[in-house]
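Per chain, numbering begins at 1; letters A, B, ... match sequence-line order. This structure is a prediction, so every number in the text was calculated from the model and none was measured.
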Amino acid sequence: MTFQEIILSLHQFWKSHDCILTQPYDTEKGAGTFNPTTFLRAIGPEPWRAAYLEPCRRPTDGRYGDNPNRLQHYFQYQVVLKPAPADSQDIYLQSLAHLGLDPYQHDIQFLQDDWESPTLGAWGLGWEVRLDGMEITQFTYFQEVGSLEMNPVTVELTYGLERIAMYLQEVDNVYDLLWTENVRYGELYHESEVQWSIYNFETAGVDWLQTSFDGFEKECLHLLEHPRGLVLPAYDCCMKCSHFFNVLDARGAISVAQRTGYIGRVRNLARKCAQAYYDQREHMGFPLIHPKAMSTRSRTRKKR
Amino acid sequence: MAPPKKLRTKGQVSSSRKSTVTSLPLLLEIGTEEIPTTFLPQVLQDLAALGHQLLSECRLTYHQIRTVGTSRRLGLLVDGVQLQQPSLTQEVVGPPKSAAFDASGVPTKAAQGFAKSQGVSVDQLTIQETPKGLYLAVKKHERGKSAKQVLTLSLPVYLSKLIFPKAMRWNVTQVKFARPIRWIVVLLGNQVIKIEFAGITSGGVTWGHRFYRIKRKKTGQPVSLSNAANYEAVMKKFGVLVDPHERRAAITAQIAKLAKSAKGQIDPIHRDELIEEAVWGVEYPHAIMGTFPQEFLALPKAVLISSMKEHQGFFSLIGKDGKLLSKFVSVTNTPEGNTALMTKGNERVLSARLKDAQYFFQEDRKQTLQNRVSALDGVMFHHKLGTMRQKVERVRSLAGWMAELLDRQDLMDVCERAALLSKADLTTGMVGEFPSLQGTMGEVYAGHDGEAQEVCQAIGDQYLPRFPDDRLPRSLPGMVLACADRCDSIASFFSVGMVPSGSEDPLGLRRAAYGLVRILNETSLQLDMVQVFDPLRERLDLHSRTITDIIGFILDRLRFYGRTTMGLRDDVMEAVIRVRPKNKADLGDLLAQMQALQGIVSQSDFELLMVGFKRVHRIVEKESWNQTDVIPERFQHESEQRLFQVLDKAHQDVTNCILSQEYAGALQSLLTFNAPTDEFFAAILVNDPEPHIRENRLSLLTAIDRLFLTLADFSCIQSAGAEGG
């Protein structure tokens, strides 16, 4: 199964489980959780089921294209289900079977994983799912997002696509993965890893990044004050801040002492955005609670 | 397991003859998504306790209670639960008779209200004689309910009492549990008891192993349980060994067999810990063995073991020579998994990890530890206390000072050098990846840099002991560094008011103090804890008051250590600590004194000594006498003379013994007071009408009292009768 077939297969699977196939979000982010499709949609009582591919950036994980297992830019496949269905583990295991991973033949274990994102003011409990000893998915029942308590609870599944693909294709080096029958992952992304590693570790303008961080922080707060309630653009600014912080971190420009300060500033924005989003949806009457398209299916699911 | 099962079967058979059955087995199974393995031993213990509490509070007797379980199910098994609750007769006392009836004998509002509240009519009330007079009362007879009724009502209440270190919500009920509950089974014999908890209605249906199918049926099939009695047998048929002991036995046998096939044995270093992990991690253990490329054996052993153990939960294997084999054992949770496939997968994961480690090992060695020290400016020790670099400077000054206190100037350079380099490995890639290898990697890299062997060892041993019964540093510089690091941490946090309170120890300061006590008691290292902190006075702006607090904190750990590892009595330890000079705290010495005191306290003539001492002490205290100048010429009676001679001799002996730290000898010489003290009090009255004589006697007693108090505050010692407590 090629890399793109894996994506297609997951799309197909989750489409058949009533997920909206949303798309990646066009702002840099460290994890699929940052996508408004997860972060904002998890907030409030409105039911939500979505699946999407998310390119993620973790500047500190760059290895100049030298390490067979680490990338500063990689892909997550993200699924969010609200309310969390009673059979979410079963559905997840079926999705693995759909990828050709027979759970009877392999050793699949759900190992404790207490997930926390200090920048998003979010935490949840769940597992890292291991396939024959390799972590392939993070499985989390959100308890808080943007410091708001989840009610109902959203379950988030994050597949590590490269790892699953390496397993399926029996490849030891991520760059050897077949994206299509004829094109390798390395052909698409190796050069990008090298250039971005140089940028993140050596070249990124520290002053400019710091100024940008400050600017976007200010902009975010400013937008939240706007009479029309510009929550969505404000949240984009929050994501930008998070990303700049990550680059500054990779650049070695943040001392341990400053770290908590920066994280606290991003969290402050995330909290404010979360609360503003909730207020706004409430004001709109939580429109997704009774949409025609979603209601019948989600109701039958709830009854299980 | 076998006998109770038979017993239960008998019960079941006889259940057809309704009249004779008075008890049945009870099964409660809470089916969950995977609960963290570390929670399980405690929660199963709690569940057993709750079961016991429930049944006794509900007045239901039973034969035996036990809990079984895996990360996917918590099981409560009770044998012989009484089917009928006994009836209960109670007398409830109401208002006094005088207030219950008016002058004409008509019931008042008080009487009517009482009757109403008890659900009876007024004429059902009786008069009861109590010590306070006549009162209205009602005899209430509560008919015993069936076990089924009782359990239906009470079980959910008790279930909600189960708590976990961390819990979550998952559905509309907002109930909190370690992980979501997906089913509940409650069976009394073959009867389903319907309860509702966390939005789930109980039934007689459980689920077998997630990945086990009988006759190729679909995944995750529900399993109907017909009777509580055959729960374990049925679960086994569906791929679940519910009894942790059975899983442990299976795992132990399987891994030993695999190791043997590889002509090796399971590395004992983390063996038990890993077995425990596996026991709770699987419902059906299936151990497999894999291999990693030989080239990785060139990595430091600690790195290999950490890669296997911490990241993957793999057992490492050693050969007959004790050296690591390029093999590992992993316990999978698959009754019918494809061994070849799983092995290959596990091998690939481990190899990738080791490759990473190999990369770090190569990269890290390109820079010496010495060169890394300045990078510690960028590593925070604690936001209130500055950087690691600053900590290293403090530890270095402490280590040097300790060498001086020990009169080992020859070791000063080694101690200071080791301290300087001690935290440099925190900046290496390897420690970044494997934090538990801090210190260990420092030793490896220091060796590579060509540092002296003593320096390397000290760096490697600085965190010892890591846990209560861990090994101690091998060499004196290692001990010094370990103590210096701990003293610095304790003093630093105390200096900014971060003092452990309650049972919490987030900064590990109690553990640090405990390590100090161990090192200072179990090795040749002898340090005075009061002096030790001198170099930090200025650096941390450490006040004498804070040092007193620190000493108190350390002595608290010393008591814990004395109690748990040396079997010392609290009163004995208190007696020694009370007379400790405030400007000195030599931990090993204090423990030696305590041990000596406990030795004499249990001697038969000690009781007598105490009678005498307490008499002396009482008089001295009562009179608040504080002079000790005895004038022999004023003695009136030979018993005074004799006592004085004994005092003189004992004083010399005690002083000599203390100098040579022979505390048992010092205490033993006190026993010479027994007879003369007795004689003294028998022969004379201290309160002589003549003030000179009286004062002289008081001074004699005060001198004796003082001598006793140099060794211990004997007034703390509880009499022999209380010894057991």
Side-chain angles (χ1 to χ4, degrees), chain A residues 63 66-70 83-90 93-94 97 102-114 123-127 129-135 139-143 149-153 155 163 166-167 170-173 252 254-261 302, chain B residues 33-39 71-72 166-172 174 178-180 182 200 210-213 219-220 281-282 286 288 290 311-314 330 332-338 341-353 355-356 359 377-381 383 386-388:
Chain A
R63 293 291 183 272
D66 289 340
N67 188 296
N69 298 298
R70 275 191 215 229
D87 55 353
S88 52
Q89 279 185 314
D90 289 339
L93 289 168
Q94 287 164 28
D102 178 2
Y104 289 91
Q105 301 235 336
H106 293 278
D107 181 36
I108 297 174
Q109 297 196 18
F110 290 84
L111 300 184
Q112 169 186 15
D113 189 31
D114 300 349
W123 70 277
L125 298 184
W127 309 272
V129 183
R130 289 209 184 166
L131 170 75
D132 297 335
M134 179 175 63
E135 183 186 348
F139 196 124
T140 311
Y141 289 98
F142 285 162
Q143 300 292 299
E149 205 165 87
M150 297 285 94
N151 188 16
V153 167
V155 65
R163 290 193 178 186
M166 284 167 79
Y167 197 97
E170 299 191 28
V171 159
D172 289 331
N173 189 324
I254 293 178
S255 77
V256 186
Q258 291 171 307
R259 243 188 116 72
T260 30
K302 256 195 246 168
Chain B
E33 296 183 357
E34 281 76 354
I35 293 178
T37 53
T38 49
F39 295 1
S71 55
R72 271 189 89 210
K166 229 176 188 180
M168 57 169 280
R169 300 168 296 111
W170 67 96
N171 65 14
V172 286
Q174 305 284 318
R179 289 294 183 274
R182 293 308 180 197
I200 290 161
R210 229 190 247 291
F211 311 118
Y212 187 61
R213 51 193 156 185
T219 161
V282 303
H286 173 46
I288 58 172
H311 288 282
Q312 300 302 136
F314 292 167
S330 165
T332 71
N333 179 32
T334 55
E336 50 179 334
N338 181 331
L341 199 66
M342 292 187 297
T343 307
K344 207 166 139 196
N346 279 296
E347 284 173 347
R348 186 174 312 124
V349 182
L350 181 62
S351 289
R353 270 206 191 289
K355 196 151 203 129
D356 249 12
Y359 169 80
D377 276 331
V379 181
M380 216 58 188
F381 169 50
H383 68 93
T387 67
M388 234 0 143

In terms of heavy-atom proximity below 4.5 Å to chain A, should Ser330(B) be classed as side chain, backbone, both, or neither? neither
Interchain contact, Ile108(A) with chain B, by part (heavy-atom threshold 4.5 Å): both
Interchain contact, Glu135(A) with chain B, by part (heavy-atom threshold 4.5 Å): neither
With only heavy atoms counted, which part of Arg163(A) is less than 4.5 Å from chain B, the side chain, the backbone, both or neither? neither
Can Arg130(A) and Gln109(A) be counted as having a side-chain donor-acceptor contact under 3.5 angstrom? no
Between the side chains of Tyr359(B) and Asp66(A), does any donor sit under 3.5 Å from an acceptor? no
State, without any angle test, whether Arg182(B) and Gln89(A) hold a side-chain donor-acceptor pair at a distance under 3.5 Å. no
Is it the side chain or the backbone of Pro152(A) that comes within 4.5 Å of chain B heavy atoms, both, or neither? neither
Return the option, out of Arg348(B), Arg169(B), Gln312(B), Arg72(B), with the maximum number of heavy-atom pairs under 4.5 Å with chain A. Arg169(B)
So which residue, Asn346(B), Thr343(B), Thr334(B), ends up with the most heavy-atom pairs under 4.5 Å with chain A? Asn346(B)
Does some side-chain heavy atom of Glu34(B) sit less than 4.5 Å from a side-chain heavy atom of Trp127(A)? yes
For Asn69(A), the side-chain hydrogen bond (donor to acceptor under 3.5 Å, both in side chains) test, sequence neighbours excluded, returns none
